[in-house]
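Each remark here refers to the structure printed beneath this line.
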Amino acid sequence: MGIMGDTFTEVIVPVKRNAGSYALQTSMVILTVFCLGMGMFAVSLLMWVGAALIAADWFVFRRLNLEYEYSYANGDLDIAKIYSKQTRKNVCSIALADVIAAAPEGSSHLDSYRKLPTIDYTTGTAEDMKKAFVIVANIKDKPTRLLLMPNEKIMKDMRTRGANKVFLN
């Protein structure tokens, strides 16, 4: 689309769970079962601890199932976290006017921005990091690197609208 055309697209990026998240989930279940079991047979206080752990398990397990949603409309990018495919929380909004530079990870256009604080909104895997797109933008009045996994439509429209600061190589 041209500059005058409207562009809207959404991308859902599921975060891949790592071994640490599986270990956390397993250890929480074991601890909960242990406390409930010991509470029934030995110390009743452990029954109450087990009940509290059930609530904690529910809260933590919902947070482990995470997706990022990128909503792009005419140069504005909104990023949201979606927990357990139910709860949506807006985490970041970027207007193209706030973008300092944007290019694929590893691009020479980003060399002077490598030491900035970085926020990762990708799948979290090393293999996908090679395909990540970096947007350097002013977030809360501080230059910040955002790692994303946008689709080609978003990148091309950003390039069309911000040709002097968005690079596709």
Side-chain angles (χ1 to χ4, degrees), residues 1-26 28 57-169:
M1 297 236 164
I3 291 178
M4 298 307 285
D6 288 339
T7 300
F8 178 79
T9 188
E10 287 184 337
V11 177
I12 301 288
V13 178
V15 175
K16 296 180 179 144
R17 293 180 58 187
N18 59 23
S21 68
Y22 286 111
L24 173 65
Q25 188 172 8
T26 302
M28 288 184 74
D57 291 350
W58 178 79
F59 181 77
V60 170
F61 294 173
R62 291 192 65 211
R63 298 284 183 197
L64 292 176
N65 186 5
L66 175 64
E67 296 174 325
Y68 291 113
E69 176 189 65
Y70 313 142
S71 299
Y72 179 81
N74 301 325
D76 294 327
L77 179 66
D78 295 320
I79 303 169
K81 286 182 178 181
I82 302 174
Y83 298 104
S84 296
K85 299 185 188 290
Q86 296 174 0
T87 307
R88 185 177 193 278
K89 179 183 177 189
N90 291 326
V91 292
C92 185
S93 292
I94 307 162
L96 195 55
D98 294 330
V99 173
I100 299 167
E105 178 64 84
S107 171
S108 61
H109 297 288
L110 301 171
D111 286 346
S112 60
Y113 306 107
R114 300 240 182 262
K115 294 186 179 187
L116 291 177
T118 301
I119 303 172
D120 187 354
Y121 296 121
T122 66
T123 61
T125 64
E127 65 218 27
D128 286 340
M129 288 306 292
K130 296 174 188 169
K131 299 181 272 185
F133 194 73
V134 179
I135 295 177
V136 179
N138 287 315
I139 307 294
K140 297 179 183 173
D141 296 324
K142 292 169 65 175
T144 305
R145 288 171 33 102
L146 304 173
L147 300 177
L148 306 169
M149 305 285 300
N151 62 13
E152 192 172 323
K153 185 176 179 181
I154 292 173
M155 292 188 297
K156 284 185 176 179
D157 191 72
M158 286 181 72
R159 173 72 178 150
T160 301
R161 293 174 189 274
N164 61 338
K165 53 188 168 183
V166 180
F167 306 95
L168 300 179
N169 56 9

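Bear in mind that the values here come from a model prediction, so they are computed numbers and not experimental data.
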So, do [X] and [Y] sit near enough that their side-chain heavy atoms are less than 4.5 Å apart?
| X | Y | result |
| --- | --- | --- |
| Ile135 | Val166 | no |
| Tyr83 | Glu67 | no |
| Ile12 | Ile82 | yes |
| Pro150 | Val11 | no |
| Met129 | Asp120 | yes |

Kindly write out the residues that satisfy side chain to side chain donor-acceptor pair (under 3.5 Å) with Thr9, not counting sequence neighbours, or none if the list is empty.
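Here the qualifying residues are Asn151.
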
Going by side chain to side chain donor-acceptor pair (under 3.5 Å), name the residues that satisfy it together with Arg88, two or more places apart in sequence or in a different chain.
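Scan of Arg88 (side chain to side chain donor-acceptor pair (under 3.5 Å), adjacent residues dropped) gives Glu69, Asn90.
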
Between [X] and [Y], what is the shortest heavy-atom contact and its length?
| X | Y | result |
| --- | --- | --- |
| Phe61 | Ser84 | O-OG, 4.5 Å |
| Leu110 | Ala103 | CD1-O, 3.6 Å |
| Asp78 | Ser93 | OD1-OG, 2.7 Å |
| Thr122 | Ala132 | CG2-CB, 4.3 Å |

For the [atom1] atom of [X] and the [atom2] atom of [Y], what is their distance to the nearest 0.5 Å?
| X | Y | atom1 | atom2 | answer |
| --- | --- | --- | --- | --- |
| Ile139 | Asp98 | CD1 | CG | 7.0 Å |
| Lys89 | Ile79 | NZ | CD1 | 13.5 Å |
| Ile154 | Phe8 | CD1 | CZ | 9.5 Å |
| Arg62 | Leu64 | CZ | CG | 11.5 Å |
| Asp157 | Leu77 | CG | CG | 11.0 Å |
| Leu168 | Arg159 | CG | CZ | 6.0 Å |

Angle between ring planes, Tyr121 versus Tyr68, binned at 30° and 60°: parallel, tilted or perpendicular?
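Perpendicular: the ring planes of Tyr121 and Tyr68 meet at over 60°.
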
Using only atom types and a distance under 3.5 Å, with no angle test, would you say the side chain of Ser107 pairs donor to acceptor with the backbone of His109?
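Present.
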
Donor-acceptor list for residues 141-149 side chains, cut-off 3.5 Å, not counting sequence neighbours:
{"from": "Thr144", "atom 1": "OG1", "to": "Lys142", "atom 2": "O", "distance (Å)": "3.1"}
{"from": "Arg145", "atom 1": "NE", "to": "Thr118", "atom 2": "OG1", "distance (Å)": "3.2"}
{"from": "Arg145", "atom 1": "NH2", "to": "Glu105", "atom 2": "OE1", "distance (Å)": "3.2"}

More than 12 heavy atoms of other residues, nucleotides or ligands under 6.0 Å from NZ of Lys165: yes or no?
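Count over threshold, so yes.
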
